[in-house]
Colleague: 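One structure coming up, written as structure tokens, with questions to follow.
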Amino acid sequence: MATIEQAPPPQVPAGPSHGPGPDHPPTSTGTTNVKLAIWLFLASDCLFFGAFISAYLLYRGRAQTGPTPAKVYSIPFTSVSSFVLLMSSLTMVLALAAIQRGDLRRLRIWLLSTALLGSVFVGGQIFEFTEFSRKGLGLSTNLFSSTFFVLTGFHGAHVTIGIIWLLSLWALATQGRLTQKDAEKVEIAALYWHFVDVVWIVIFTLVYLIPTK
Amino acid sequence: MTNRNSRRGRWWLLLAGAATVALAACSPANGKNTLAPHGTNAHQIDNLIYPIWIVAVIVGLIVVGGTIFVALRYRQRPGRSDRPKQIHGNLTVEILWTIIPAVILAVIAVPTISLIFKEDATPSNAVEVTVVGKQWWWEFEYPGANGQPPVVTADELHIPTGRNIDLSLKACDPSLPYGVNNGPGCNVIHSFWVPELAGKEDVVPGQTNHLTLRTSTAGTYLGQCAQYCGLSHANMHFRVIAQSPTAYDAWLSSQRQVPAVSLASAGEAGTLFTKTFACSNCHTTSSSTLSTYGPNLSHLASRSTFASGYFKLTKSQLMKWIMNAPGLIPMQSQDCRKGPPGSPGVTCVGMPSFTQNTPKGMPVMTTAQAQILATYLLSLK
Amino acid sequence: MSDITLRDDSGATEVAGQTATALEPSAGLLPGELRPHPSPLRYVLIAVVLCVITAAEVSLYYLEGSLADAVIIPLLLVFAALKFGIVASWYMHLRTDKPIFARFFVLGIAGAILLFGIVLSSLQIFS
Amino acid sequence: MTTVADAPTQTPVRPPVILRRPKETTGVWSWFTTVDHKKIGIMYGVTALVFFCLGGIEALLIRLQLAGPNGTVLTASQYNQIFTMHGTTMVFLLGMPLSIAFANYFVPLMIGARDVAFPRLNAFGYWMFVTGGVFLYSSFLLGGAPNGGWFGYTPLTSTPLGLGALPGRGPDFWAVGIVMLGIGSTTAAINVIVTTLNMRAPGMTLMRMPVFVWMMLVTAFLTLFAMPIITVALIMVFFDRNFGTSFFLPAKGGDPLLYQNLFWLFGHPEVYILILPGMGIVSEILPVFSRKPLFGYPVVVFSGIAIGFLGWGVWAHHMFTTGLGPVAVSAFSLSTMLIAIPTGVKIFNWLATVYKGSVRLTTAMLFALGFIAQFTIGGLSGVSLAVVPADTQQHDSYFVVSHFHYVLFGGLVFGLFGGLYYWFPKVFGRMLDEKLGKWNFWLMVIGFNLTFFPMMLLGIYGMPRRVYRYDAGLGWGSLNLVATIGSFIIAVSVLLFIINAVVSRKRGVIAGNDPWDGRTIEWSTSSPPPEYNFAEIPEIQARDDLWHTKYTEDDDGVLVPLPSGGVDTPAATRAAAAPTHRIHMPSPSFYPLVAALGILPLAYAAVFHSYSWAFLLVAGGAIILAFGIYAWAIEPATAAEADH
Ligand code: HEA
Ligand code: HEA
Ligand code: CUA
Ligand SMILES: [Cu+2]
């Protein structure tokens, strides 16, 4: 028990070196609780999307009535919106890099652009959904449409939550309440955002690009 | 513990054997006892499971006995040191009690898997019957051979002894008239179980499962739906009547006959059946080839039970049923008189009451009317 | 004595565990990171790579019919996996972070693929 | 904040919060705002036990109905609601939360932490559990309780209300309620994992952690990965019922077996979620009352992990009769049998722990021993179920009902009761009465076996489960009567426990820090522990750290008390001493409760969305939820006054 005296916890200097400030006390694994938690959540979310994706894969060929996937997909359109979401990942890391440097102006710019790109994606999705229903493919038209809407809809809901999160961070940043030492707050949001992007990468391939009978 | 004393081992074996024998001996002769097999499949299962149960009882006795033993033997008491030796583990014994169960399980697995495949094999030279599970009764369809139409009946499955019966289990047979795949009331999972003949097999909408029955003992075996299927799952009975092949053939050809009394010649009963109470929305009495929403009644009187085999087929019982079926077996049938099943706005699972909950403008059934109907139905041999 | 527990004064619950692996403050690193993040330029380059792969994916789509499905589908899957891997390892920093995060993530993904793969094959999707 | 010395008077710039920061740490209101893991643990425990009584009363109704042929206590419709709610309650509102109660209270104490990693999230998880439970039970008053069985097979449950396959809105309540509970248990799982991985005291390596902590860690991972799967399945059920989709409606090509796969992909890990905590508790109790270390600690830990992994590969053993085909069925039969191996290792290691020990048959120990014996019976009947041809006879019969009550009641509940007797003194500072405890135990053993052993026979004699009545003349009457009598004996024993707990809490013998001569560090702090758990975070030097301050082994490995051992050691004194410095604990907060309350109207709106007023619920719920989350995010974990 005497060893406790020899192992004083590291005194963490606050200040320009934006290492873990007093908000980041030592932990057994050397990582913060929040970061561990967000990764656990993302791991769990893999099974969430996995279940929806498998339902989609099971049912995509089983459209009994109504238009088939090939009839309704507009690959150029979806490619563009996939591209937009992909690029939002870039702006997201740039935002993180900015706050790590302490460049708060760029932080705000990149946060806002990420949120904007995300909104463009969601907007595109809404457009796509209305387009589909115009072509006679509603949520309940057939199994393909049900699984499609539910899968992409829940993905869109994830994106929307991400947008709200980013805008909240942006609002904090504009009030000067998000500074260099809060880099981790941005990183957590970024991890969530990239995850949503990565899920879309999978959806884009499995749902849109792979040919259906 | 075991190899030190093989005499004790034998004692356990004896005890376990005795326990399982007792299990079988004390079991009721209730027509549903899995330990009283009369079918090939049920026999095979019993032969497989008895030795496994004996192993299980032995393992159980070792563990339960061991628990009681260590608790009592090493109990703290005056005169016993309370400073036991600190044993942190022992890899050898731990490996041992990993391997021994593994070996036991491997031994169990071999006959298990061989029987799985055996049961799955398509039976040769089999009598084919389609079994349709509906909320909450069973329909049986005998395919018509050489251009003959099929025979559709309910509640009682007739099979010939000494033959393989290949049952196709479906939730609905779309190939038959009115066998609407999406008709209400025939869209949930059931499970076909005749414990004394064979293990159960589910009836899953959208797929066809198979089960092979075979028995050499003529007799009546009780069956019941085993998968929870809603309000009256508990009442979804049926029976299997195993007959000699000649008796079976005779039965089947009698079922193929045109019903004894035609609707047209039934007089007032015909009007009541088709018009006044629109029984014909759900049943037919004129053709044993039709699958209908409710049981096909063309040869009702040739059965000994009705309503999922829940009631003996007597006139008084039948009258009670006709007048107020949901009073005898719970059903979700408040809407049933509003229109044929499946029509929009009609939530109907089961048979309505004709004396209660009558929609405006519709007649309430009198006892006299019920009697006319029952008499008519009981004339349908 | 009480100076030993000075960490307590930073408040919060996170006070509890203090072990040898405690966070060392080191410039530019967020907690849990082993190596610094790439430069913004590198990020942009990665984005370019991602765009190229996406372009390849979309062009593959337009080759459907002229190329056998047996070629297209595996290629598409490989491309998707590649993009997934790049984003996860560079943008999500799994490359430079402590391996514990990658382990969780792989557990989730591999678990999902394995389990749902079995489910789908038991439902005869592949036959 | 009882422990904080006078706080500075000057108030720093406060973030804009609308609700005043709650300060009370005692009194009724403090329970609504507390973020203390111990208080939340107690709340989990009490609430779960209340639900146990509700589920138990439902069980008694079931038993009354089935006591004889053609029972008339309940109608068919009532019976179906009752057994569904009984299963749902026992699994989601007793089993999981009571385990979480122990985890909440004891994981931080056993690893030497001051609190869990996310105290407010912890509170939120609890409030989700309460609101989810209340939501489920409110269905009795609002259009009928769930009635599709605890695994809610489709298409029965997913058929839209209007088609009438199942009466009432029960399945809607069920789907939404389970999703709510899932949110709660997922947050709890994340909390347990992060706490265990990150907040261990110095020296508390993974292989020094108490087995209970290990098992909770495995359980938390299972929860984390199982919950999303059932969430998806329930979302699809909900859409089928309400939005015209046909995921599981065969008439339009949907596949009911997809649901079964998804459900059991959750459901089987779920049963290990339920049993592993019990196994952890037993692994704590046995060594203490045998005065011997756990036999083969690493093997017990690894077999727990192995069960966690293997548990993912067996789900289709619930679907042996659905026509999967012989290959799939054989594979799942084998994988199911495989689980018996690590489980058996645990059983034998436990017996070896007691073997040649110095056994004190306290109530806690009796429950642990009862666990071993009865769980084994349940496990062995499980192996019989894994033998597929036999399962085709036993499936959906009372044999299965007997199997899972032997493992769930004989295992889980016995383990949890053992835990209650074992840890009650730590939590409340007073001992539970041992005499009443023994009555409690023996009545429960007798009642339990009287109830559930006959069910095994009933299954073999052909009685299907989930039937509200059976005919006379099937020979099932007397065995059912025995089961009913047994269940009332269980009820008496539970009643004795409640009396014991209520009385002992006030008048029980004062426990002291270490009443059982414990081995793990939760016994080194005072009973009940102070808000900050340990005045000083202990430095861990060995597995069973506390034991090493009291005892050692001589050359032959025989136990030898240390002359200066026990509560007088410097370490123990230090741990339990009054703190010499200020320890800031996270401050109470309203917002976890607010956020959870925001979800409640949303849940009702989901069920009643077709009514015109439902949008009011949506709006109200969304506003409350958003307010709760934002205020929570902005509010510092520790109140402003304590910051400087
Ligand atoms: C705590 C919960 C729990 C636990 C731990 C288990 C453990 C096991 N269960 Fe059980 N099970 C349930 C809860 C649980 N189960 C529930 C709730 C259901 C029904 C759900 C429903 O339908 O409502 C169910 C249903 C169920 C079925 C489906 C039955 C059916 O519906 O047809 C099967 C089939 O294989 C099964 C098997 C097993 C096996 C093999 C184990 C094994 O893990 C057991 C292993 C333990 C031992 C075997 C004993 C100790 C070992 C030894 C002493 C070693 C030596 C042993 C041998 C050599 C054999 N269980
Ligand atoms: C942990 C899980 C658990 C526990 C502990 C229990 C406990 C009990 N169970 Fe349950 N049971 C399930 C999980 C559990 N069950 C599940 C999952 C199902 C399947 C459901 C389905 O098919 O969908 C099931 C189904 C089930 C059935 C089958 C129903 C059917 O298929 O038709 C039966 C039948 O007897 C039954 C009986 C009992 C009994 C008598 C108890 C008893 O041991 C209960 C003992 C408890 C009490 C008796 C409480 C006593 C308390 C008081 C009396 C105090 C009163 C208090 C105050 C007034 C303050 N259970
Ligand atoms: Cu049909 Cu139960
Ligand atoms: Cu299982």
Colleague: Which bit of D:Leu294 comes within less than 4.5 Å of chain B, counting heavy atoms only: side chain, backbone, both or neither?
Modeller: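 For D:Leu294, the backbone is the part near chain B, not the side chain.
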Colleague: Tell me whether the centres of the aromatic rings in D:Phe320 and D:His395 are closer together than 6.0 Å.
Modeller: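 No, ring centres 6.0 Å or more apart.
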Colleague: Side chain from CB out, backbone as N, CA, C, O: work out which of these in B:Glu119 comes under 4.5 Å of a heavy atom of chain D, or both, or neither.
Modeller: side chain
Colleague: Select one option (side chain, backbone, both, neither) describing which atoms of D:Pro167 are under 4.5 Å from chain B's heavy atoms.
Modeller: both
Colleague: Between B:Lys32, B:Gln76, B:Gln86, B:Gln207, who has the most heavy-atom pairs with chain D when the cutoff is under 4.5 Å?
Modeller: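 Ranked by contacts with chain D, first place is B:Gln86.
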Colleague: Select one option (side chain, backbone, both, neither) describing which atoms of B:Val203 are under 4.5 Å from chain D's heavy atoms.
Modeller: neither
Colleague: Report yes or no: does D:Lys292 contribute a side-chain atom to a donor-acceptor pair with the main-chain N or O of D:Thr353 at less than 3.5 Å?
Modeller: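 Yes, because the side chain of D:Lys292 sits within donor-acceptor range (under 3.5 Å) of the backbone of D:Thr353.
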Colleague: With a 6.0 Å cut-off (strictly less than), is the heavy-atom count around OH of D:Tyr355, excluding the residue itself, greater than 12?
Modeller: no
Colleague: Is it the side chain or the backbone of B:Val59 that comes within 4.5 Å of chain D heavy atoms, both, or neither?
Modeller: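 Both backbone and side chain.
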Colleague: To the nearest 0.5 angstrom, please state how far the OG1 atom of D:Thr376 sits from the CG atom of B:Leu61.
Modeller: 11.5 Å
Colleague: Considering only heavy atoms, which portion of D:Phe375 lies under 4.5 Å from any heavy atom of chain B: side chain, backbone, both, or neither?
Modeller: neither
Colleague: With a 4.5 angstrom heavy-atom cut-off, could you sort out which part of B:Gln224 is near chain D: side chain, backbone, both or neither?
Modeller: side chain
Colleague: What part of D:Phe371 gets within 4.5 angstrom of chain B, counting heavy atoms only: side chain, backbone, both, or neither?
Modeller: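 Neither part.
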Colleague: Which atoms of D:Asp391 are under 4.5 Å from chain B, going by heavy atoms: the side chain, the backbone, both sets, or neither?
Modeller: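 Just its backbone gets close to chain B.
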Colleague: Taking D:Gly152's backbone N and O only, do any of them form a donor-acceptor pair with D:Tyr259's side chain (distance below 3.5 Å, no angle check)?
Modeller: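 Pair found, side chain donor or acceptor close to backbone of D:Gly152.
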Colleague: Please rank B:Ser232, B:Ala102, B:Pro101, B:Ala36 by heavy-atom pairs under 4.5 Å with chain D and give me the top one.
Modeller: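 Highest number of pairs under 4.5 Å: B:Ala102.
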Colleague: Given that the side chain runs from C-beta out, which part of B:Glu196 has a heavy atom under 4.5 Å from chain D: side chain, backbone, both or neither?
Modeller: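 Interface part for B:Glu196: neither.
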Colleague: Where does B:Thr208 contact chain D at under 4.5 Å (heavy atoms): side chain, backbone, both or neither?
Modeller: neither
Colleague: Quick check on the interface: out of D:Gly475, D:Ser381, D:Gly164, D:Gly254, who has the most heavy-atom pairs with chain B under 4.5 Å?
Modeller: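 Result: the option with the highest number of such pairs is D:Gly164.
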Colleague: Quick one: what part of B:Ile49 sits under 4.5 Å from any heavy atom of chain D, side chain, backbone, both or neither?
Modeller: side chain
Colleague: Say you draw a straight line from NZ of B:Lys200 to SG of B:Cys225; how long is it, rounded to the nearest 0.5 Å?
Modeller: 10.5 Å
Colleague: Check each atom of D:Ser290 against the heavy atoms of chain B and say whether the ones under 4.5 Å are side chain, backbone, both or neither.
Modeller: backbone
Colleague: Which bit of D:Trp476 is near chain B, if near means a heavy-atom gap under 4.5 Å: side chain, backbone, both or neither?
Modeller: side chain
Colleague: If you count heavy-atom pairs under 4.5 Å between each of B:Gln44, B:Gln227, B:His210 and chain D, which one has the most?
Modeller: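 Highest number of pairs under 4.5 Å: B:Gln227.
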Colleague: Given that the side chain runs from C-beta out, which part of B:Asn90 has a heavy atom under 4.5 Å from chain D: side chain, backbone, both or neither?
Modeller: both
Colleague: Could you tell me which portion of B:Gln332 (side chain, backbone, both or neither) has an atom closer than 4.5 angstrom to a non-hydrogen atom of chain D?
Modeller: side chain
Colleague: Any chance you could measure B:Leu169, atom CG, to B:Asp202, atom CG, to the nearest 0.5 Å?
Modeller: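 Here the interatomic distance stands at 9.0 Å.
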Colleague: Do the side-chain N and O atoms of D:Asp517 and D:Tyr551 include a donor-acceptor pair separated by under 3.5 angstrom?
Modeller: yes
Colleague: Show, in sequence, the C-alpha distance, side-chain angles and deciding distance for D:Tyr406 and D:Met456, and conclude whether the side chain to side chain contact (heavy atoms under 4.5 Å, CB included) test is met.
Modeller: CA-CA 10 Å; D:Tyr406 262 93; D:Met456 202 178 294; 4.3 Å; yes
Colleague: Which atoms of D:Ser333 come close to chain B, meaning under 4.5 Å heavy atom to heavy atom: side chain ones, backbone ones, both, or neither?
Modeller: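 Looking at D:Ser333, just its side chain touches chain B.
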Colleague: For each of B:Leu211, B:Val64, B:Ile87, tally heavy-atom pairs with chain D at distances under 4.5 Å, and name the one with the top tally.
Modeller: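 Most heavy-atom pairs under 4.5 Å with chain D: B:Ile87.
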Colleague: Do other residues, nucleotides or ligands put more than 12 heavy atoms under 6.0 Å from the CZ atom of B:Arg80?
Modeller: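 More than 12 heavy atoms, drawn from other residues, nucleotides or ligands, come within 6.0 Å of this atom.
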Colleague: In this structure, which one of B:Trp136, B:Trp193, B:Phe192 forms a ring-ring contact (aromatic ring centres under 6.0 Å, His included) with B:Phe238?
Modeller: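 Single ring-ring contact (aromatic ring centres under 6.0 Å, His included) partner of B:Phe238 among B:Trp136, B:Trp193, B:Phe192: B:Phe192.
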Colleague: Would you mind checking which part of D:Leu361 comes under 4.5 Å of any heavy atom in chain B, side chain (CB onward), backbone (N, CA, C, O), both or neither?
Modeller: side chain
Colleague: Could you look at D:Gln394 and say if it's the side chain, the backbone, both or neither that has a heavy atom under 4.5 Å from chain B?
Modeller: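 Its backbone and side chain both get close to chain B.
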Colleague: What residue, out of B:Ile189, B:Ile68, B:Ile329, has the most heavy-atom pairs lying under 4.5 Å from chain D?
Modeller: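 Of B:Ile189, B:Ile68, B:Ile329, B:Ile189 has the most heavy-atom pairs under 4.5 Å with chain D.
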Colleague: Please determine which of D:Phe83, D:Tyr468, D:Tyr153 meets the ring-ring contact (aromatic ring centres under 6.0 Å, His included) test together with B:Tyr228.
Modeller: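 The single option meeting the ring-ring contact (aromatic ring centres under 6.0 Å, His included) with B:Tyr228 is D:Phe83.
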Colleague: Between B:Leu222 and chain D, with a heavy-atom cut-off of 4.5 Å, which part of the residue counts as in contact: side chain, backbone, both or neither?
Modeller: side chain
Colleague: So that I can tick it off, tell me whether D:Arg360 and B:Asp82 are bridged by a salt bridge, with the cut-off set at under 4.0 angstrom between side-chain N and carboxylate O.
Modeller: no
Colleague: What part of B:Ala29 gets closer than 4.5 Å to chain D, counting heavy atoms only: side chain, backbone, both or neither?
Modeller: neither
Colleague: Counting heavy-atom pairs closer than 4.5 Å to chain D, which one of B:Leu48, B:Ile108, B:Thr34, B:Thr347 comes out on top?
Modeller: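 Most heavy-atom pairs under 4.5 Å with chain D: B:Thr34.
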